[in-house]
J.: 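The structure's right below; bear with me while I get my questions together.
In this text, all values refer to a predicted model and were calculated from it rather than measured experimentally.
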Amino acid sequence: MAQPSITIRTPDDWHLHLRDGDMLKSVLPETSRHFARAIIMPNLVPPVVTKSDAEQYRDRILAVRPEGSDFKPLMTLYLTEGTDPDDLEDAYKSGVVTAAKLYPAGATTNSENGVRNFENIMPVLERMADIGMMMCVHGEVTDADIDIFDREKVFIDRVLDPLRTKLPELKVTMEHITTSDAVDYVASSKGPLAASITTHHLMINRNAILAGGIRPHYYCLPVAKRETHRLALRKAATSNDERYFLGTDSAPHLDENKIDPCGCAGIFTATNTMACLAQVFDDEGALDRLEAFACLNGPKHYGLAVNEGSMTLVKQDTPVEFPDVIKTGEGEVTVFDPMTPIYWDVKA
Ligand code: NCD
Ligand code: ZN
């Protein structure tokens, strides 16, 4: 009997960290092998804040694109309290950038330059609403008195919902949602709002990080929550609701920076994301919905055409082996271990 297989359009990744320099060169092929396009996160050091920064970063990415690849980086600007609305409009209208990213200051890796007082960016957000430019948001408050597991919900209540009430026409992507609260918020909202979900948040809960020993390679932000939240995310992702789509948040860090008394946040999933996702959708009896989640819903939300090419995934008889690490010019980066056998693999 032929092995089960599924053919879908070439997928896109709506949230990706590529970094720069040697790291960029080593991790880019892991994404360009499978994905046609990706929204590239601007949290470099220093961040990508102007049109000129975005053009230069795009060119550095294109310069190390593997031969024969036509992978397209969709660039973003990092919003700061000093962002110039005219430069942002020019960056968007000239096609250099696809979206702008809102990081609350201190929310995650390299977010020190993010926004402290949201009132100060209202003119920029008003301009974005006027020109139809997408705001991608890292939805967590950073107040020291808010428990890290509650930061997403508190952000929705205190920041996002009031902001969307003031500016209902602003297009918003809630990135890497991790809670049933975020799913409920998306489900109940009207207007241009959708959410990306990572592969790893569909596969692990917080026990992966903390039970039976501390495992830094499962630590990312927003941090994985309890099992009920993971189940809500799986339900949303496999629901065929077009407001949910894939954003891997694949975030490479050198192992030495992960395995540290104060290790940094980020899980590197680019290498095995599509295989893991096929397993998730198969386990949920929803393989027929994988294409909507990974290939169709994202372009629709961003107003872009779907990809012409295709990808075939095949189910193997025995678990597929993935590399443990990717070697970079700077050191090794550990690849996400899904903690469960993966039978699916990308074939073409
Ligand atoms: C990301 C990184 O390493 O840049 N880390 C993470 O845990 N996801 C930043 C981010 O997207 O929050
Ligand atoms: Zn990220």
J.: Determine whether a donor-acceptor pair (N or O, by modelled atom type, separation under 3.5 Å) exists between the side chain of Thr83 and the backbone of Leu79.
T.: no

J.: How many angstroms lie between OG in Ser180 and NZ in Lys225, if you round to the nearest 0.5 Å?
T.: 10.5 Å

J.: Do any N or O atoms from the side chain of Lys258 and from the backbone of Gly266 form a donor-acceptor pair under 3.5 angstrom?
T.: yes

J.: Does this structure show an ion pair linking Lys166 with Glu119, if we count only N-O contacts that are shorter than 4.0 Å?
T.: yes

J.: So which atom in Ala224 and which in Arg206 form the shortest heavy-atom distance, rounded to 0.1 Å?
T.: O-CB, 3.3 Å

J.: Side chain to side chain contact (heavy atoms under 4.5 Å, CB included) for Val27 and Phe268? Distances and angles first, verdict last.
T.: CA-CA 9 Å; Val27 299; Phe268 179 67; 3.8 Å; yes

J.: Using modelled atom types and a 3.5 Å cut-off, is there a donor and acceptor pairing between side-chain atoms of Asn307 and backbone atoms of Thr10?
T.: yes

J.: Do the side chains of Val49 and Ile40 join up, straight or via other hydrophobic residues, at under 4.5 Å, putting them in one cluster?
T.: no

J.: State whether the side chain of Ser69 and the backbone N or O of Arg65 hold a donor-acceptor pair below 3.5 Å, judged by distance alone.
T.: no

J.: Over all heavy atoms of both residues, which pair between Phe322 and Ala275 is shortest? Give the atoms and the distance, please.
T.: CZ-CB, 3.5 Å

J.: Check the orientation of Tyr103 and His138. Use parallel for under 30°, tilted for 30 to 60°, and perpendicular for over 60°.
T.: tilted

J.: For His253 and Thr109: C-alpha separation, side-chain torsions, deciding distance, then whether side chain to side chain contact (heavy atoms under 4.5 Å, CB included) applies.
T.: CA-CA 10 Å; His253 290 280; Thr109 310; 3.6 Å; yes

J.: Are Val335 and Val333 linked, directly or through intermediate hydrophobic residues, by side-chain heavy-atom contacts shorter than 4.5 Å (ILVMFWY only)?
T.: yes

J.: With side chain to side chain contact (heavy atoms under 4.5 Å, CB included) as the criterion, how do Leu163 and Leu125 come out once you've worked through the C-alpha distance, each side chain's angles and the decisive distance to 0.1 Å?
T.: CA-CA 10 Å; Leu163 181 73; Leu125 299 184; 3.6 Å; yes

J.: Working note: Arg19 + Asn43, criterion side chain to side chain contact (heavy atoms under 4.5 Å, CB included); need CA distance, chi angles, decisive distance, verdict.
T.: CA-CA 8 Å; Arg19 317 299 189 203; Asn43 64 333; 4.1 Å; yes

J.: side-chain contact (heavy atoms from CB on, under 4.5 Å) with Thr273: which residues, sequence neighbours excluded?
T.: Phe35, Thr199, Leu246, Thr248, Thr269

J.: How long is the straight-line distance from OG1 of Thr328 back to CG of Asp255, given to the nearest 0.5 Å?
T.: 9.5 Å

J.: Verify, without hydrogens or angle tests, whether Arg289 (side chain) and Gly285 (backbone) share a donor-acceptor contact under 3.5 angstrom.
T.: no

J.: Under 4.0 Å between a Lys/Arg side-chain N and an Asp/Glu carboxylate O for Asp147 and Arg151?
T.: no

J.: Verify the cluster assignment for Met274 and Phe293: are they in a single hydrophobic cluster under the rule of side-chain heavy atoms below 4.5 Å apart?
T.: yes

J.: With a 6.0 Å cut-off on the ring centroids, do His176 and His201 count as close?
T.: no

J.: Should side-chain heavy atoms under 4.5 Å link Ile, Leu, Val, Met, Phe, Trp and Tyr, which residues sit in the same cluster as Val314?
T.: none

J.: As a test of understanding, state which of Asp337, Ile259, Ile209, Ile267 forms a side-chain contact (heavy atoms from CB on, under 4.5 Å) with His217.
T.: Ile259

J.: Please list, chain by chain and in numerical order, all residues satisfying ring-ring contact (aromatic ring centres under 6.0 Å, His included) with Tyr244, sequence neighbours excluded.
T.: none

J.: Any idea which heavy atoms bring Ala294 and Leu277 closest together, and the distance?
T.: CB-CD1, 4.4 Å

J.: Report the distance from atom CG of Leu88 to atom CZ of Arg127, rounding to the nearest 0.5 Å.
T.: 8.0 Å

J.: With ring centroids as reference points, do Trp14 and Tyr302 lie under 6.0 angstrom apart?
T.: yes

J.: Ignoring hydrogens, what is the shortest heavy-atom contact between Thr271 and Glu30? Give both atom names and the distance.
T.: OG1-OE1, 2.8 Å

J.: Specify the closest pair of heavy atoms between Pro192 and Pro168, including all atoms of both residues, with the distance to one decimal.
T.: CD-O, 3.5 Å

J.: Consider only side-chain heavy atoms of I, L, V, M, F, W and Y, link residues closer than 4.5 Å, and tell whether Val97 and Leu62 are in one cluster.
T.: no

J.: Counting distance only, does the side-chain N/O of Glu112 pair as donor-acceptor with the main-chain N or O of Ala105 below 3.5 Å?
T.: no

J.: Kindly say whether Thr238 contributes a backbone atom to a donor-acceptor pair with the side chain of Glu284 at under 3.5 angstrom?
T.: no

J.: Nearest 0.5 Å, what's the CG-OG distance between Asn297 and Ser196?
T.: 12.0 Å

J.: Quick one: does Asp143's side chain have a donor or acceptor within less than 3.5 Å of a partner on Asp145's backbone?
T.: no

J.: Are Lys51 and Asp87 ion-paired here, with the side-chain N under 4.0 Å from a carboxylate O?
T.: no

J.: What I want to find out is whether Lys101 reaches Glu175 closely enough, with some N-O distance under 4.0 Å, to be called a salt bridge.
T.: yes

J.: Using the six-membered ring wherever Trp is involved, compare the ring planes of His301 and Phe245 and label them parallel, tilted or perpendicular (cut-offs 30° and 60°).
T.: tilted

J.: Could you give me the CA-CA distance, side-chain angles and deciding distance for Asp161 and Tyr185, then say whether side-chain hydrogen bond (donor to acceptor under 3.5 Å, both in side chains) is met?
T.: CA-CA 9 Å; Asp161 191 53; Tyr185 185 69; 2.8 Å; yes

J.: About how many Å separate CG of Leu221 and OG1 of Thr178, when rounded to the nearest 0.5 Å?
T.: 9.5 Å

J.: I need the minimum non-hydrogen distance between Met128 and Ala100, along with the two atoms involved.
T.: CE-CB, 3.7 Å

